[in-house]
Protein chains: 2
Amino acid sequence: MKDHSNAIGLSTYEHILKEMEEKNLRITEQRKTIARWFADQSGFVTPRVVYEHMTQHHSGLSFDTVYRNLRTLVSLGILEQFERADGVKFRLHCDSHHAHHHHFICTSCESIFPLDFCPMDTKIRVPEHFFVSGHRFEVFGLCSDCMINT
Amino acid sequence: MKDHSNAIGLSTYEHILKEMEEKNLRITEQRKTIARWFADQSGFVTPRVVYEHMTQHHSGLSFDTVYRNLRTLVSLGILEQFERADGVKFRLHCDSHHAHHHHFICTSCESIFPLDFCPMDTKIRVPEHFFVSGHRFEVFGLCSDCMINT
DNA sequence: CTCATTGCAAAACCTTTGCATGCGC
DNA sequence: GCGCATGCAAAGGTTTTGCAATGAG
């Protein structure tokens, strides 16, 4: 259970709906459920998990509806997509998406925490004459909660 | 075409076979072909590409043989597995696998180049009381060859 | 000869697509 | 009512599994 209001006083859930509206998406019951679900998650989730949750609220829900919505929400920048060893996963786009940053990822609960360190800010030697267009930096380990509960 | 002999004077191909032998794997024709193929690649390859190459040398080759061997070779540390946006890919394990290092990956030809920089060597601030067990750092861009040919 | 490895076939997934129906606006 | 979203069904692709046959050591 996590939900923090933002500057304008909207809950995360309301914020997502507002973004959908601004992008001219129709606010269907299914999308409300998706929004409510992601607003409440602190970690990554697979399409399967999303489906299993949603199916509790919408009998006869089809898998392609889940996939289509995940794709749509990613392309609108509302969700983020990650390629992990055990498959594709999704997560609410980081609140602080204005500032470039990286993540600490707990290997136990899969919660993620922003880092205020970027390796590219330091002197890094890249082979001569190479053009750098992007980078990826992730730190894995145990968050304080998981260190205690094991 | 790349193949550099190592300290003991073995070609990359011979080196792979030697590793297989040491791990008590049987040297089948199929595995020779796989070894020859990976010794000759500078980038990532998908299981499909491996299959398509091998099928030229072994009529009736089955896809599961490719998968089984890829898995085996990864678990023996001969190959490395990467999760990328367009699927799972494989590559010969870096020669310099004794020294910890990261990669520069060309987004055009997918060749990879070792970097002698590790962000964890610098002072990076991780949230208090977190235990760090691993990290991932990759730089993307264009290698000098691809910058010229475009 | 023995047992790891292969080929074959089938199954289990995951993801995408086309089309008629339904629902948000 | 119009048009986007959904449900349904089916297909395409990837990866895994069981089992009998084969070939390396």
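Order of the sequence lines fixes the chain letters, A, B, ..., with proteins taken first and strands second; residue numbering starts at 1 for each chain.
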S.K.: Taking the nucleotide of DNA chain D with the nearest heavy atom to each, does B:Val88 or B:Ile27 sit closer to the 5' end?
M.R.: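 Of the two residues, B:Val88 wins.
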S.K.: Rounded to whole angstrom units, what separation is found between the NZ atom of A:Lys32 and the C1' atom of C:dG24?
M.R.: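 Rounding to the nearest Å, NZ of A:Lys32 and C1' of C:dG24 are 10 Å apart.
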S.K.: Rounded to whole Å, please give me the gap between OH in A:Tyr51 and C1' in C:dC13.
M.R.: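 In whole Å, C:dC13 C1' and A:Tyr51 OH are 14 Å from each other.
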S.K.: Determine whether any donor atom in the side chain of A:Asp64 lies under 3.5 Å from an acceptor atom in the base of D:dA5, or the reverse, and answer yes or no.
M.R.: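 Checked by distance alone, the answer is no.
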S.K.: Distance check needed: D:dA24 C1' versus B:Met20 CE, whole Å only.
M.R.: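 After rounding, the reported distance stands at 14 Å.
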S.K.: Are B:His102 and A:His135 linked by a side-chain donor-acceptor pair shorter than 3.5 Å?
M.R.: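 Checked: B:His102/A:His135 side chains show no N/O donor-acceptor pair below 3.5 Å.
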S.K.: Report the distance from atom CD1 of A:Ile34 to atom P of D:dA5, rounded to the nearest whole Å.
M.R.: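 Those two atoms, CD1 and P, are 12 Å apart.
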S.K.: Among C:dT16, D:dT16, C:dG7, find the nucleotide with the atom closest to the side chain of B:Arg71.
M.R.: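 Taking heavy atoms from C-beta onward, the closest nucleotide is D:dT16.
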S.K.: Rounded to the nearest Å, what distance is computed from the CG atom of residue B:Leu61 to the P atom of nucleotide D:dT22?
M.R.: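 Those two atoms, CG and P, are 17 Å apart.
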S.K.: Which nucleotide, D:dT17, D:dT6, D:dT16, lies nearest any side-chain atom of B:Arg68?
M.R.: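 Nearest nucleotide to the side chain: D:dT17.
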S.K.: What is the separation between atom CG on A:Leu25 and atom C1' on C:dC25, rounded to the nearest whole Å?
M.R.: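 After rounding, the gap between these two atoms is 13 Å.
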S.K.: Would the A:Phe44 and A:Phe90 ring centres measure less than 6.0 Å apart?
M.R.: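 No, ring centres 6.0 Å or more apart.
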S.K.: Heavy atoms from C-beta onward define the side chain here; which of D:dT6, D:dG25, C:dC14 lies closest to that of A:Arg48?
M.R.: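 Minimum distance to the A:Arg48 side chain belongs to C:dC14.
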S.K.: If you find the nucleotide of DNA chain C closest to B:Thr65 and the one closest to A:Phe63, which residue's nucleotide is nearer the 5' end?
M.R.: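 By nearest-heavy-atom nucleotide position, the 5'-most residue is B:Thr65.
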S.K.: Is the phosphate of D:dG23 approached by B:Gln30 (side-chain N or O, under 4.0 Å from OP1 or OP2)?
M.R.: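 No.
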S.K.: Separation of A:His58 atom NE2 from C:dG22 atom C1', in whole Å?
M.R.: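 The distance from NE2 of A:His58 to C1' of C:dG22 comes to 15 Å, rounded to the nearest Å.
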S.K.: In Å and rounded to the nearest 0.5 Å, what is the CG to SG distance from A:Asn149 to A:Cys146?
M.R.: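 Separation between the atoms: 6.5 Å.
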S.K.: Pick the closest DNA chain C nucleotide for B:Asn24 and for B:Gly60 by heavy atoms, then say which residue is nearer the 5' end.
M.R.: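 Upstream on the strand: B:Asn24.
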S.K.: Can you sort out the partners of A:Arg68 under side chain to side chain donor-acceptor pair (under 3.5 Å), two or more places apart, ordered by chain and number?
M.R.: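 For A:Arg68, the residues satisfying side chain to side chain donor-acceptor pair (under 3.5 Å) (neighbours in sequence not counted) are A:Asp64.
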S.K.: Measure the shortest side-chain to side-chain distance between A:Ile112 and A:Arg91 over non-hydrogen atoms and say whether it is less than 4.5 angstrom.
M.R.: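 Of all side-chain heavy-atom pairs linking A:Arg91 with A:Ile112, at least one is under 4.5 Å.
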S.K.: Nearest whole angstrom, please: distance from the C1' of C:dC13 to the CG of A:Asp86.
M.R.: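 In whole Å, C:dC13 C1' and A:Asp86 CG are 14 Å from each other.
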S.K.: Return yes if the base of C:dC3 and the side-chain atoms of B:Arg26 contain a donor-acceptor N/O pair under 3.5 Å, otherwise no.
M.R.: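 Donor-acceptor pair under 3.5 Å: yes.
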S.K.: Identify, between B:Pro47 and B:Glu29, the residue whose nearest nucleotide on DNA chain D lies closer to the 5' end.
M.R.: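 Nearest nucleotide further toward 5': that of B:Pro47.
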S.K.: If only side-chain N and O atoms of A:Thr28 are considered, is one of them under 4.0 Å from the OP1 or OP2 phosphate oxygen of D:dT6?
M.R.: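 So the side-chain polar atoms of A:Thr28 do come within 4.0 Å of the phosphate oxygens OP1 or OP2 of D:dT6, strictly under.
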S.K.: Could you check which of D:dT6, C:dT15, D:dG7 has an atom nearest any side-chain atom of A:Arg31?
M.R.: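 Ranking D:dT6, C:dT15, D:dG7 by closest atom to the A:Arg31 side chain puts D:dT6 first.
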